[in-house]
Number of protein chains: 2
Amino acid sequence: MTTTPVPRRTGRPGRPGYDLDSLLAVAVKVFNDKGYDGTSMDVLADRLGLSKSSIYHHVSGKQELLELALNRALNALFAATVEEDATQGRAIERLEFLVRRSVDILVAELPYVTLLLRVRGNSAVERKALVRRREFDEVVSGLVAEAMDEGDLRPDADPTLVARLLFGTVNSIIEWYKPRLASSSAELGDALVMMAFDGLRVDR
Amino acid sequence: MTTTPVPRRTGRPGRPGYDLDSLLAVAVKVFNDKGYDGTSMDVLADRLGLSKSSIYHHVSGKQELLELALNRALNALFAATVEEDATQGRAIERLEFLVRRSVDILVAELPYVTLLLRVRGNSAVERKALVRRREFDEVVSGLVAEAMDEGDLRPDADPTLVARLLFGTVNSIIEWYKPRLASSSAELGDALVMMAFDGLRVDR
């Protein structure tokens, strides 16, 4: 799957050719810039340099584009929850793995995750995405609770609150991360795990 | 200053009377629901149950409402940076104080801080708010760097990155905090400081 927003040219000169992936990449950029509700098919067609009927050749409408984009982010996050390192070993290690993988996914799929995190539930597609986000959050709070039970995480806070603060930190990266300027996702993951798991304070 | 969105009645029956604070509270709610750009003066007048000319009695337009709302959040945050506990003592203690006070402000002024954190710089008023946000962020990264120099914070990460992750955690609270259901701001502050300063992991 490619994320390149630059349309590939087809045989027909002067007319950009898109496959579904590259069309989706442009659509997601427009949704993030103008808001999904504020983006009409006319605006999309204009930004793509396509007629609306050319867009309908790929998808049934902007709702399908939204669903494809949200699923791309959600599928990546759920795929992480079933990786070997997320399902074997102590809960604290599975949790740390999931935090690091989520940072990787956020960086790799930044526009898709950004769109997902701004969803407010204004349509059936958005509400379905919110249900899946809550399922993911439950996986996280389950791991936090398990790691507390195993004695590896401090038990002095509510697991749901801890899970929210932990993934709040992960998710807040979308607000300032710039792919070209900032740290690699591994450096980001290291700094985040250092802060949240081991604490910023030097032990004396 | 009151945040009550319920308009006070004046002598004239059947017509809601607003002072500037209660008018602002309703406007900020509409801005957060529909987006500032998506809110017209007609929509505002409709939600307030006022004529547009009654709104113009209080403010010059929606841009002034935005500026008042953003300044309310920013003034509260900057007021915290000059409190005694933020200016005296070791940098780590000043930083911890500023984190806790920011959580308090976020909870007390939730709609105003939410509006501030969604500003993208689409107008002069928004760009001015972004400049002040950056000034606040520089106060925070200055404290982080100072606390690293004083040997109280782990020196193994870039101070700007640490400041972003730390206040990213604070700011992410707006995404899920519900005034009536959730913890008090003191409980939130305790959990956040526990995670970010002392770490979730149990030392063995």
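This structure is a prediction, so every number in the text was calculated from the model and none was measured. In what follows, chains carry the letters A, B, and so on, assigned in the order in which the sequence lines appear, proteins first and then strands, with residues in each chain numbered from 1.
For a residue to count as touching a neighbouring chain, one of its non-hydrogen atoms must lie under 4.5 Å from one of that chain's; by this rule Leu161(A) touches chain B with the side chain only. The contact between Ile173(A) and chain B is made entirely by side chain atoms (from C-beta outward), counting heavy-atom distances below 4.5 Å. Interface remark: Leu153(A) contributes backbone and side-chain atoms alike to the contact with chain B (heavy atom separation under 4.5 Å).
Contact of the Asp158(B) side chain with the Glu187(A) side chain is not registered, since no non-hydrogen atoms from C-beta on lie closer than 4.5 Å. Put simply, the side chain of Leu165(A) reaches to within 4.5 Å of the side chain of Leu192(B), judged on heavy atoms. Side-chain contact check for Glu175(A) versus Asn171(B): every heavy-atom pair is 4.5 Å or farther apart.
Distance CZ/Arg201(A) to CD1/Ile92(B): 4.5 Å, rounded to 0.5 Å. Here CG of Leu200(B) is found 8.0 Å from CG of Leu95(A). Values are rounded to the nearest 0.5 Å. Expressed to the nearest 0.5 Å, how far CE of Met195(A) lies from CZ of Phe197(B) amounts to 9.0 Å. Separation of atoms OG1 (Thr160(A)) and CH2 (Trp176(B)) is listed at 9.5 Å; rounding is to 0.5 Å.
Between chain A and the residues Leu166(B), Asp37(B), Asp190(B), Val170(B), the most heavy-atom pairs under 4.5 angstrom are made by Leu166(B). For the set Ala191(A), Gly168(A), Ala196(A), Gly38(A), the entry with the most heavy-atom pairs within less than 4.5 Å of chain B is Ala196(A). Contact count versus chain B (heavy atoms, under 4.5 Å) is highest, among Arg118(A), Arg154(A), Met194(A), Arg120(A), for Arg154(A).
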